[in-house]
Each structure stands twice: as structure tokens, then as C-alpha cells.
2 protein chains.
Amino acid sequence: MPGSANAALIKGLATKARLSEEDRSALAALPIDELHVQRGQDVLREGDRPSRSALLISGLTCSYKTLASGRRQITAFYHAGDVPDLQSLHLDVADNSILALVDSHIGYIRHRDLEDISAKYPTVSKALWRATLVDAAIYREWTTNLGQRDAMSRMAHLFCETLVKQQVIGLASGDSCMFPVTQAELADALGLSVVHVNRSLMELRASGTISFERAELIVHDLGALEKQGGFDRSYLHLRMDDHAPHKLK
Amino acid sequence: MPGSANAALIKGLATKARLSEEDRSALAALPIDELHVQRGQDVLREGDRPSRSALLISGLTCSYKTLASGRRQITAFYHAGDVPDLQSLHLDVADNSILALVDSHIGYIRHRDLEDISAKYPTVSKALWRATLVDAAIYREWTTNLGQRDAMSRMAHLFCETLVKQQVIGLASGDSCMFPVTQAELADALGLSVVHVNRSLMELRASGTISFERAELIVHDLGALEKQGGFDRSYLHLRMDDHAPHKLK
DNA sequence: CGGATCGTTGAGTTGTATCAAGACGGGTGG
DNA sequence: CCACCCGTCTTGATACAACTCAACGATCCG
């Protein structure tokens, strides 16, 4: 189905930047090579020099860094419509890897095509730039999350972020969404041990604010969860204006 | 002295992106309002909607976030030639504050002027974009640092980063540089308590790899420090080609 | 049925935080 | 010039959050 990849791109970008009709039709014409990657497969490896960026059409990916010690830090999760390595457009060698956490559908967009469209449509260029700036804002928030909050709050914060991101792209139903990560992956994202993730998770569940089973996150009390995580969505820089009221609380 | 601010900007950008002669002369003509800020003064506050970005001409600034709990996370340090809030060019409301850690000299560049120059000189636009991408890469590394390394290694990593950044802009003499931060500020950057920063610092000093007194960082054994911190400069995406061999090890 | 992955639990250890207090130095005002 | 204050650094004692190691249970799948 040609164009579905472009639709995902446009939808994702639209949550991060303003797109005119002209921008949309230009983006709709962008050539995108689609392919499937299986769970556990790397989409990009640290040190690569890609000539194209990977759009996530469906599924879930993360970027991560591996240390000499063998430890791993997940630095971000990406959902449908995100371009996890958009920065590779201008940063020649990748400083992180990207991994599919579940079977995913991705689309490759050649850097040359991105540069062409950027040159021709300044507002598209601005939108892409802005998308990378939003990613950066999220990294800042993660740094803060890891540096200042304890295990429970960190986890609550991550769950809030995940829910909101998916609500915005219409992948959540009410206050629940799919989040197919193992506790080991949560541990790597939160800078905690697996055991401690397990305990914090059970504590969160016991408090009645969330359920998290079989890859599904159900938030029973978003207010409580946001409070617990010190979550304030403004760092996501969402464009709420023309976005339908996705049950904005 | 007109132009010294522009020179700082060009020098800083040149470490992060390739600039043609044409780019340089365009940047040299950019209007920049200079002013001094005193130590402890905010250059920008979370929630602001600036219409200009702040170039750091001399001194030291950091970006930080304050939590409801009163805790604070420093998310980055900025040196001469950096533009700490360049992202505000496209991100309307600031999600962090910026603070002068010592008396500093900064220059304001109007967003309108940046947009004009970007429209006219695509390679300048690309250079600015790339500068924000390098910042993002550093945030990713910090997330990893906070999530995966223990106190000593975190600190070693930060010292390596600080030294290398200053070597690149010519502010270091050999393997030492000024780094006028208090231990409390280090604590906020590293996600540690002041007491623990003090102890880790003394341990680092005792190991003979560094000295850190009266705002001066002296690295006696860079190899050992890099090893301790698991430091690999590639995430800084430095352009080493036309940069004089600043004692590149 | 056996193996693999993932989640859960227990026990003991370690890294880091907190609280508290003293030491040092630079600046200010009497 | 001294006395004092304030910010910073240092040190000790204690508490706790999070880690490690180890084992077991539950699923799922071939």
C-alpha cells in the first residue's frame, strides 16, 4: 500500500510542527522504502554512517548505547510516526544504536530526498529541525528523570510520557496503550536493576494507579501517576491546536 | 569592540560544522547585542518565550530544570562559542532555564536575524541545525552517564568532556582548564549529593589522575581519566579536520 | 516434554543519601 | 585591624535505596 508510510510520517510530524497543505503534499510524494524488522533486530548500529533515516511506521523501537562494561542505556522510545535517527541527516556517524523492541514496520527515507525537500520547502525543513529539537527536549527530561527521581517516580514519569505520546497519535484508547517492553528493557531505560524494576512496578500496581501486563499499560488514575512522576507534558512541545481533543485532561 | 561576539560565534560553530568563507562573512555581519550577566543570574527561565537566542561569548553557563520537590538537575554546561538556547529558535516556550555560573559575557541574536540568514545561506542553516544536534547527542550521553555509571566514573566522564570541549576552542592549556563550578553544582549535574561528590572527588584526586582546586581542573593522566569515565569523544561529533592539532592524543 | 524467556521472591551487600558539625577562606563593617 | 558572617569544603555517623546473587514459577513454543 503505497503512501501509508508517508501518512505515518505526516501524522507524526504534525504532532511536532505545523504543516501546511503544500508541505503535506510534498511529504506525501517522498519516496519511502518499506520493510519489516523483527523484534530484537537492530535498525542502526553505533558507528554506522547511514545515507537514509528510518521512519517508524508501526511497532516500537528504542535508541540505546552500549558501554564497554556491557551495560546498556536506552535513551529513548520511538512510536509510530517518529524518525528515530533523523539526526543522522546531519550527524555523519551514529552515536547510538536503534533496536526494534517488537516486530516493526519501518520506512527508509534517503537523506538526499530529505535535503531536496528541505531546500524546496523551508517550512518542511523547519518541521524536521523542530522534530529533532523535540527529541532533544525529551533527552533533557530523561536526564532529569534519571538524575533526580527515585525508582517509582522515574517509572511513573516514563509511563506518563508513553501514554501521552500515544494518545497524541491516536494509538491509545482512553488512558491505556500498548507498551511491549520487558522489565529488563524498562530497567535499561530507567537506569535500574531488573529486580528493582520488578519491585517498583509491583508497588505502582499495588497503589492502584496502573496495570501493566502482557505489554499493555492501563492507567487507572492519570492524575496520581503524573503527580507521582512529577510529569508535566510541556517538555513534549506538543502542538495541540488542530489536534482533535484526544481526551485532553 | 564590535565583531568579537561574532568571532566567538563563528569559532564555536566551526567546531561543530563546516563553514565556508561566505558563511563566515555572513555570520560576521549578524547583529549581536552584547551584555554582561553576573554569576548566579538567570539568562533564561523555564516558560519564557524568547525572541532571541543567547550566545555565550565568555564565561560559563548551564541549563537546568527545577522540580516541584525543589531539586535541580543541570542538563548541560556551555562554554564560549556555545548558544545555550539555540533550540528556542524553533521551540517557542523554553523547557529549561539557563544560569550564569560565573560572571559572563553574552550576546543576544534575534531569531528574526537567524531566520533571515538561514533562508539566505542554507549551509549556515545546516550548521545551526547541526549545532543543536550535537547538543542533543551530548544529552544522550549524559542520560547514559547518569543511568549507568557510578559516582566516580560519572565525574571522570564529565571532567573529560569539559576538558575536551575547552581544548577544542583553545581555552585549555595542555590538559588543564578552568571549570568554575562548586561541588554543589557538580552534584546537581551528576545527580549526586554534595557529600558524595566531595568524597568521590577526593578519591579521584587521591588516585592522582586530576587536581581540582580554585576553579581549575588539571588532568594529570588523561588516559586514566578517560578509562575511569568510559569516555569516548565521538559523541561530541567534533570536526577535527581543519582544527589545528590541539595536542590530539 | 524440555528449553527458553520472562517475571517474581528472598537474603545479604553496597553505593549513595541524610543529618550534623566543624574547618577554611574571603568579604564586610564597626 | 579585628570580629563576624557567609559560602564552600570536609568529615563522621547513620539510614536507606538500590544492587547482586540465587532460585523458583509461569508461559510459551518447538
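Lettering of chains follows the sequences in order, A, B, ..., and the numbering in each one begins at 1.
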Could you check if a side-chain atom of B:Leu225 sits within less than 4.5 angstrom of a side-chain atom of B:Asp221, using non-hydrogen atoms only?
-> no

Check for a donor-acceptor pair, side chain of B:Ser104 on one end and backbone N or O of B:Leu60 on the other, with a separation under 3.5 Å.
-> yes

Listed by chain and number, what are the ring pair (Phe, Tyr, Trp, His ring centres under 6.0 Å) partners of B:Phe179, not counting sequence neighbours?
-> B:Phe77

Heavy-atom closest pair, residues A:Asp85 and A:Ala54 | OD1-N, 2.7 Å

Go through residues 177-187 of chain A and report each residue with a non-hydrogen atom lying under 4.0 Å from DNA chain C, sorted by number.
-> A:Thr182, A:Gln183

Just the endpoints, please: which first and last nucleotides of DNA chain C, 5' to 3', lie under 4.0 Å from a heavy atom of chain A?
-> C:dC6 to C:dA11

Can you name the nearest heavy-atom pair linking A:Ser88 to A:Arg52, along with the distance?
-> OG-O, 4.1 Å

For the residue pair B:Ser207 and B:Met152, establish whether any side-chain heavy-atom pair is separated by less than 4.5 Å.
-> no

B:Gln148 and A:Asp188: CA distance, side-chain angles, deciding distance, side chain to side chain donor-acceptor pair (under 3.5 Å) verdict | CA-CA 8 Å; B:Gln148 301 301 327; A:Asp188 285 346; 5.0 Å; no

Reading nucleotides 19-25 of chain D 5' to 3', which nucleotides get B (base under 4.0 Å from a protein heavy atom), which S (sugar-phosphate only), which -?
-> SBB----

Please write out each protein N/O paired with an N/O of nucleotides 28-30 of chain D under 3.5 Å, distance rounded to 0.1 Å.
none

Close side-chain approach of A:Ser211 to A:His220, heavy-atom, < 4.5 Å = yes

Taking the side chain as every heavy atom from C-beta outward, state whether B:Tyr78 and B:Val43 have any atom pair closer than 4.5 Å.
-> no

Figure out the CE/P separation between A:Met155 and D:dA17, and round it to whole Å.
-> 15 Å

Taking C-beta and beyond as the side chain, do B:Leu99 and B:Arg72 meet within less than 4.5 Å on heavy atoms?
-> yes

Is there side-chain contact between B:Gln166 and B:Leu217, with heavy atoms separated by less than 4.5 Å?
-> no

Give the C-alpha distance, both sets of side-chain angles, the deciding distance and a yes or no for salt bridge (charged side-chain N to carboxylate O under 4.0 Å, His left out) between B:Lys165 and B:Glu161.
-> CA-CA 6 Å; B:Lys165 276 175 143 185; B:Glu161 180 181 300; 3.8 Å; yes

DNA chain C contacts made by residues 142-151 of chain B, counting heavy atoms under 4.0 Å | B:Asp150, B:Ala151

Are the side chains of B:Glu141 and A:Gln73 in touch, meaning some heavy atoms are under 4.5 Å apart?
-> no

Would you say the side-chain atoms of B:Thr132 and B:Asp135 include a donor-acceptor pair closer than 3.5 Å?
-> no

Considering all heavy atoms, the nearest A:Asp103-A:Arg39 contact = OD1-N, 2.7 Å

D:dT10 phosphate, OP1 or OP2, under 4.0 Å from B:Asn198 side-chain N/O | yes

